[in-house]
**Q** 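Please see the structure below; I have some questions.
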Protein chains: 2
Amino acid sequence: MASGVESELKGLSIEPLKLSHGVCKNMVEWHEQLNGIDFKPDFEYKLVKTMVFKPKAPKSETAPLIALIALEDSQTSSATVCKAVNVKEARLANEDAVKSALSVSTADVSPFSITSENSSALKVVLDKSLLDYHGKLGVHPNDSTHTIFISQKDLQDYLLKTNVEVIEVDFTSDVYASGSAGAAKPEAKKTAATQKPSAEIEGAALIGITVHKEIDFSGWYQQVLTKGDMLDYYDVSGCYILKPWSYTIWEQIQNLFGCYLEWFDARIKEIGVENCYFPMFVSSKVLEREKDHIEGFAPEVAWVTKAGSADLDEPIAIRPTSETVMYPYYAKWIRSHRDLPLRLNQWNSVVRWEFKHPQPFLRTREFLWQEGHTAHLTFEDANSEVLQILDFYAGVYEQLLAVPVIKGKKTDKERFAGGLFTTTCEGYIPATGRGIQGATSHCLGQNFSKMFGITVEDPFAKEGEGKEKLFVWQNSWGLSTRVIGVMVMIHGDNKGLVLPPRVAGHQVVIVPCGITTKTSHANKDSLYKDITKFAAQLTEAGIRVKADLRDSYSPGYKFNDWELKGVPLRLEYGPQDAKKGQVLSARRDSGEKSPISLNNLVPSVNKLLETIQNDLYQKAKHSFDSNIQKIDKWDDFVPALNQKKLVLMPFCLEEACEDDIKERSKRTDSGEAEDAKAPSMGAKSLCRPFDQPTGLIPGRTKCLACEKDAKEFTLFGRSY
Amino acid sequence: MASGVESELKGLSIEPLKLSHGVCKNMVEWHEQLNGIDFKPDFEYKLVKTMVFKPKAPKSETAPLIALIALEDSQTSSATVCKAVNVKEARLANEDAVKSALSVSTADVSPFSITSENSSALKVVLDKSLLDYHGKLGVHPNDSTHTIFISQKDLQDYLLKTNVEVIEVDFTSDVYASGSAGAAKPEAKKTAATQKPSAEIEGAALIGITVHKEIDFSGWYQQVLTKGDMLDYYDVSGCYILKPWSYTIWEQIQNLFGCYLEWFDARIKEIGVENCYFPMFVSSKVLEREKDHIEGFAPEVAWVTKAGSADLDEPIAIRPTSETVMYPYYAKWIRSHRDLPLRLNQWNSVVRWEFKHPQPFLRTREFLWQEGHTAHLTFEDANSEVLQILDFYAGVYEQLLAVPVIKGKKTDKERFAGGLFTTTCEGYIPATGRGIQGATSHCLGQNFSKMFGITVEDPFAKEGEGKEKLFVWQNSWGLSTRVIGVMVMIHGDNKGLVLPPRVAGHQVVIVPCGITTKTSHANKDSLYKDITKFAAQLTEAGIRVKADLRDSYSPGYKFNDWELKGVPLRLEYGPQDAKKGQVLSARRDSGEKSPISLNNLVPSVNKLLETIQNDLYQKAKHSFDSNIQKIDKWDDFVPALNQKKLVLMPFCLEEACEDDIKERSKRTDSGEAEDAKAPSMGAKSLCRPFDQPTGLIPGRTKCLACEKDAKEFTLFGRSY
């Protein structure tokens with residue numbers, strides 16, 4: 001604890017309870033840490049979130065930073081914060097800005113970071129609910145590895161002593177408001193002069209998203225996933241619950257159960273791949289057989305060492321991937337070239353106990369995926385399969401998820417540990433300007449077959465010649481639930497999820513409208529009957545439709561609810577529509593509304609769904625294309641990254657140069673961090689696109705980074 | 001080590017290498033034990049199997065026992081053993097018989113169990129391959145916790161000294177033989193007088209099953225699974241690899257990927273269940289929340305304690321089932337009666353680290369299953385779902401797997417830990433006379449909802465009354481890959497697997513026949529083209545068909561291969577068939593052959609498949625029905641069990657009485673053990689059948705076991 005805080009705390013009414021625990025970078029981790037030390041107080045408490053915003057201002061001006069101090073569960077919208085202090089726009093302050101103003105890092109910030117020394121460069125927005133709360137308040141005493149518990153009185157007294165300007169804001173008064181109806185405005189009471197915020201995030205409601213995707217991307221991502229009913233946080237860190245709304249997307253991709261199109265599983269079966277299941281456990285002996293490979297995974301392997309109360313004789317690993325699990329059996333099963341190709345796939349989960357910051361779908365300790373493992377007689381066969389599978393992966397992104405990707409090869413530095421080469425499809429998240437690896441298809445060459453002794457006799461050897469042993473050529477390829485995270489990040493907006501029709505659990509929702517207390521029972525019944533009939537017609541045509549006939553919710557509530565969940569198309573139907581023989585359609589992606597004649601319901605809906613699917617893709621494609629900058633001098637490299645772009649440039653393909661590029665492109669500018677959670681990272685090579693731009697002249701064009709001969713245009717970017 | 005062996009071993013050429021390890025009851029465990037102590041010798045070796053058979057003989061006679069001594073990988077058929085010693089039939093000797101003849105238990109038996117004292121009551125059948133083997137031979141020195149390594153010369157010298165009669169048999173000479181063609185007979189060379197065995201297991205081949213289902217059931221089960229390509233053994237004990245041939249059956253049951261009928265997943269979705277995925281990890285705190293429940297699972301829970309090289313702060317369990325994983329979130333998600341029913345299902349794997357003898361599909365440390373977890377407002381809703389799901393489970397067995405089951409309720413003693421009552425469908429394995437729990441659907445009552453605080457306000461409370469909290473009513477239900485094991489055990493025969501058409505990966509295989517070296521290239525081409533066309537026609541009609549056009553195998557080999565794998569229907573097509581415009585069909589279940597006109601191919605095949613499906617069920621049903629003995633006096637109880645029957649009797653339903661029945665029905669007779677692996681177990685109650693026989697008069701009919709009032713007819717049996 002900073003010594004300044006120690007002395008400040010001495011002034012409090014009573015010596016506060018102080019707990020020690022591990023580092024926590026956000027509210028979720030904070031709770032996990034408290035759970036981890038089995039903290040069970042005999043008093044009621046809530047944690048306090050402290051966030052620092054930097055108003056957007058001309059370079060010449062130094063606007064005061066804004067410190068938001070609020071109860072953990074208050075729905076604080078950044079727009080409301082802006083209005084309260086009368087600035088037009090503000091972003092989360094980056095690490096440097098926080099450090100220079102408050103002398104602590106972002107993770108350690110607390111109300112006690114505000115002192116009489118720095119108070120003039122700050123304004124405080126104080127959550128009114130906090131002042132009304134009678135339990136204890138948990139705060140970090142400028143150090144995220146500790147939590148102390150104080151009263152709201154203690155907090156107020158402390159802030160008073162610092163002389164900081166405090167603006168109280170009632171965030172609750174707007175949380176039930178619907179954007180469409182006349183919403184009650186939040187009240188703001190300024191200690192010196194009262195200001196009224198005049199708008200909040202459009203459509204924000206308690207069930208709605210309360211932060212801007214553009215301002216606090218990781219807060220938005222967390223909200224859009226939990227409020228959109230995709231997942232829930234789980235009490236084992238780095239693990240998440242996939243709720244039916246996201247799981248059904250995975251089912252669509254897999255091609256399970258009543259899917260819209262025949263997808264991944266059907267396609268690989270068509271080319272001869274078979275499904276199987278290998279145990280999740282691997283003995284250490286087997287796991288460690290291929291050295292390069294295991295080196296890549298060892299730090300993340302979870303080990304079972306006990307069963308019941310007994311220690312196991314030797315620890316058993318949970319598979320991080322199944323190369324070494326499966327290949328000893330390939331050696332046993334493959335007796336002759338007639339057993340080739342052997343092409344097996346598993347739909348399973350794997351465990352990689354990452355210690356980096358976990359992120360739902362993108363980086364989780366257990367995740368669902370498919371892993372294909374195949375063995376071939378020749379390199380040509382293996383190679384052609386690798387590319388075929390990559391096309392399927394690109395198809396999952398582009399045709400199902402409406403997410404554009406770029407196909408290419410990884411550089412040697414980035415290829416799969418133990419493999420020959422890795423092909424990849426790479427995506428792009430506009431909100432953060434970061435690239436993301438979508439899925440990879442590896443040619444393993446003969447490395448594993450040599451290690452595991454997977455051989456056949458050469459069927460092409462001439463009679464009489466000694467039959468030579470051939471080592472088989474192998475591939476492995478995997479696609480995980482990460483695809484769902486990428487889709488959410490790209491299409492989602494400030495109203496919630498936006499799901500492409502081909503994977504959405506419900507493609508269409510029908511909501512009865514215009515029913516008032518004056519509507520007769522018979523009229524209502526008739527409307528409901530009609531809606532049930534429409535739903536049956538659409539279902540009959542293979543469209544996944546939901547008739548939302550819940551009586552206890554208003555149409556406005558239902559609109560918000562389904563918008564949050566990203567249902568592509570809403571159909572409204574009321575007494576006026578019945579008279580006109582129509583339903584009113586509303587697109588989730590564009591908000592566009594148009595009537596559909598009941599005579600033409602099924603074809604119109606089908607067409608609209610296809611249009612939405614296509615428009616989502618085109619929009620994302622346009623965004624991707626316009627954010628790839630082809631550069632011709634190194635000086636443009638970092639500025640392009642800082643403009644949230646990916647960079648395409650002639651590259652020597654050498655690992656040393658790649659290391660150097662990463663080092664030279666670390667974020668050193670004092671600009672805003674787009675994503676508070678993103679480290680100020682250097683750029684990595686994403687891929688060597690198959691679709692190469694023209695203009696690279698072998699022997700003449702130089703690598704922009706090192707001036708050696710350029711081999712290929714290579715895509716670089718900051719990335720996940 | 002028995003002292004007699006110590007002194008005998010002194011006479012060997014050199015002091016043999018001796019290893020200590022854990023108990024091993026069979027060859028698989030023996031290998032596991034050697035792996036467990038990380039035994040890596042610098043010499044080549046094979047383990048020696050020693051099996052004792054008892055010839056079937058009139059009670060008055062005492063025929064000598066037969067000791068088979070063979071290399072672990074020799075395909076020794078019991079029929080060949082019988083022929084070698086000129087007896088008609090022999091079964092594996094039971095524990096008592098082995099002990100009284102050789103003074104060691106079955107697991108400890110070794111060549112050294114034969115001594116000059118007991119040699120006159122024995123004959124030895126010695127595997128000729130063993131005599132030709134130049135590596136070391138691993139044997140147990142009358143003690144399964146040790147292995148010593150000797151040469152074949154040592155072994156022969158030893159046997160010579162005991163004066164036992166030794167009959168050498170060449171098991172290899174028959175292994176490629178096909179039962180249909182004139183097979184080469186195995187040669188037997190008797191040291192004293194040579195005898196020729198005249199027949200072996202019909203159709204036995206190296207790729208075929210070499211033990212009788214009726215004689216060595218567990219040996220048969222192991223062979224039928226591995227040779228039928230269903231699974232492979234794995235290097236982590238108690239875990240098995242599900243190969244595509246068995247995994248596809250699981251897919252059919254699930255209703256994945258191009259299935260024949262819409263099955264389990266489709267049905268539960270139809271009634272409103274949704275799929276999701278919860279993490280495999282559980283914190284100990286959550287796992288241990290419900291005491292009765294965890295008590296049932298605690299000894300079998302696998303614990304992760306390390307990640308990479310770091311110890312975790314607290315151990316994390318791998319789910320043995322997900323009640324306590326999911327229900328804290330049910331408490332969070334269920335806010336109102338409008339959130340009910342909540343009905344979630346997962347297709348996943350769970351881990352129960354059993355220390356009992358593992359058995360593929362039936363008892364494995366990791367297994368695949370679905371687990372449904374639902375919450376309801378009323379008992380009535382929960383109850384009706386429990387029964388609905390049980391019907392689905394019975395449907396999987398009866399309609400898909402052609403396996404009859406009996407539906408009923410478990411007694412209190414046998415119900416799910418922490419639940420209110422358990423419903424079950426119970427199957428029966430004729431070969432061992434044991435019952436087997438097929439799948440269970442539990443009503444959990446309100447026990448878990450009280451423990452986890454899953455409540456809603458009573459929607460039926462009258463206005464103005466204080467709204468009372470209602471605890472929700474919960475169910476959980478699961479069906480595992482065990483179903484595949486049951487199906488194999490029931491339908492399989494001495495030629496291999498017999499798969500019911502509705503779940504078979506290939507329902508039909510077409511094999512070209514009658515092609516000789518004289519067949520012209522054009523004729524062969526034309527046959528192949530026809531076959532490809534037939535396959536396309538059948539595929540078009542939704543039939544899963546395989547055209548086996550492999551050039552390098554003979555029709556006989558292919559017949560054996562597909563019979564082993566249990567493909568329901570084989571179609572043969574040769575030049576003669578082409579002329580007649582027919583294919584020749586051969587049913588796997590009955591062997592029945594009949595021509596099918598090509599004009600009528602699809603409907604005929606469809607009809608035959610339905611007939612096979614139905615006949616398999618009827619046959620199994622007849623066997624089940626005729627092996628349930630309804631008794632009216634206790635004295636018939638144990639004799640019925642000993643005749644491999646299940647017993648139906650009036651029962652008091654009391655736990656103490658049930659314990660007593662188990663004790664009183666332990667196998668004490670000296671009869672043959674049907675299954676060498678089956679412990680001499682007492683009978684358990686299997687279920688209280690919903691379909692109760694008539695004749696139980698409340699207050700008058702007595703429990704046959706304790707003479708108290710009988711409550712219900714209850715099904716008892718020795719069981720898995």
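On a predicted model such as this, the values are computed, not experimentally measured, just so you know. To find a chain, count down the sequence lines: A is the first, B the second, and so on, and within it residues start at 1.
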**Q** Below 4.5 Å from any heavy atom of chain A, which atoms of B:Val351 appear? Answer side chain, backbone, both or neither.
**A** side chain

**Q** Which atoms of A:Phe367 are under 4.5 Å from chain B, going by heavy atoms: the side chain, the backbone, both sets, or neither?
**A**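 Neither the backbone nor the side chain of A:Phe367 comes within 4.5 Å of chain B.
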
**Q** B:Phe264 versus chain A, heavy atoms under 4.5 Å apart: side chain, backbone, both or neither?
**A**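 Neither part; nothing is under 4.5 Å.
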
**Q** If you count heavy-atom pairs under 4.5 Å with chain A, which of B:Leu344, B:Thr481, B:Val282 comes out on top?
**A**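 It is B:Val282.
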
**Q** Quick check for you: among B:Asp232, B:Leu231, B:Asn348, which has the greatest number of heavy-atom pairs under 4.5 Å with chain A?
**A** B:Asp232

**Q** Top residue by heavy-atom pair count (under 4.5 Å) with chain A, among B:Asp235, B:Thr364, B:Leu312?
**A**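 Result: the option with the highest number of such pairs is B:Asp235.
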
**Q** Would you call the rings of B:Tyr277 and A:Tyr247 parallel, tilted or perpendicular, where under 30° means parallel and over 60° means perpendicular?
**A** parallel

**Q** Could you tell me which portion of A:Thr305 (side chain, backbone, both or neither) has an atom closer than 4.5 angstrom to a non-hydrogen atom of chain B?
**A** both

**Q** Below 4.5 Å, heavy atoms only, C-beta onward: do A:Phe281 and B:Ile318 meet side chain to side chain?
**A**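 Yes; the side chains approach each other to less than 4.5 Å.
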
**Q** Taking NZ in B:Lys306 as the centre, count heavy atoms belonging to other residues, nucleotides or ligands within less than 6.0 Å. Is the count above 12?
**A** yes

**Q** Out of B:Glu274, B:Arg338, B:Glu300, B:Gln346, return the one with the most heavy atom pairs under 4.5 angstrom to chain A.
**A**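 Heavy-atom pair counts peak at B:Arg338.
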
**Q** By a 4.5 Å heavy-atom criterion (distance strictly below it), what part of A:Trp245 contacts chain B: side chain, backbone, both, or neither?
**A** neither

**Q** Any idea which of B:Tyr240, B:Phe297, B:Phe355, B:Trp333 has the most non-hydrogen atom pairs under 4.5 angstrom with chain A?
**A**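 It is B:Trp333.
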
**Q** Counting only non-hydrogen atoms closer than 4.5 Å, does A:Glu366 touch chain B with its backbone (N, CA, C, O), its side chain (CB onward), both, or neither?
**A**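 It is the side chain, since no backbone atom gets that close.
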
**Q** Relative to chain B, which segment of A:Val286 carries a heavy atom at a distance below 4.5 Å: side chain, backbone, both, or neither?
**A**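 Just the side chain, heavy atoms under 4.5 Å.
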
**Q** Given the options A:Pro299, A:Pro279, A:Ala307, which has more heavy-atom pairs under 4.5 Å with chain B than any of the others?
**A** A:Pro279

**Q** Of all of B:Lys332, B:Glu314, B:Arg352, B:Met326, which one pairs up most often with chain A through heavy atoms under 4.5 Å apart?
**A** B:Lys332

**Q** Mind telling me whether A:Tyr234 and B:Tyr329 have parallel, tilted or perpendicular rings, with 30° and 60° as the class edges?
**A** parallel

**Q** Heavy-atom cut-off 4.5 Å, strictly under: side chain, backbone, both or neither for B:Leu368 against chain A?
**A**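 Only the side chain of B:Leu368 comes within 4.5 Å of chain A.
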
**Q** Do B:Pro244 and A:Asn275 make a side-chain contact, defined as non-hydrogen atoms from C-beta onward lying under 4.5 Å apart?
**A**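 No - every pair of side-chain heavy atoms lies 4.5 Å or more apart.
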
**Q** Might you point out which heavy atoms bring B:Leu242 and A:Cys276 nearest each other, and give the distance in Å?
**A** O-CB, 3.2 Å

**Q** Can you say whether B:Ala298 sits under 4.5 Å from chain A via the side chain, the backbone, both, or neither, judging by heavy atoms?
**A**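 Contact with chain A involves the backbone of B:Ala298 alone.
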
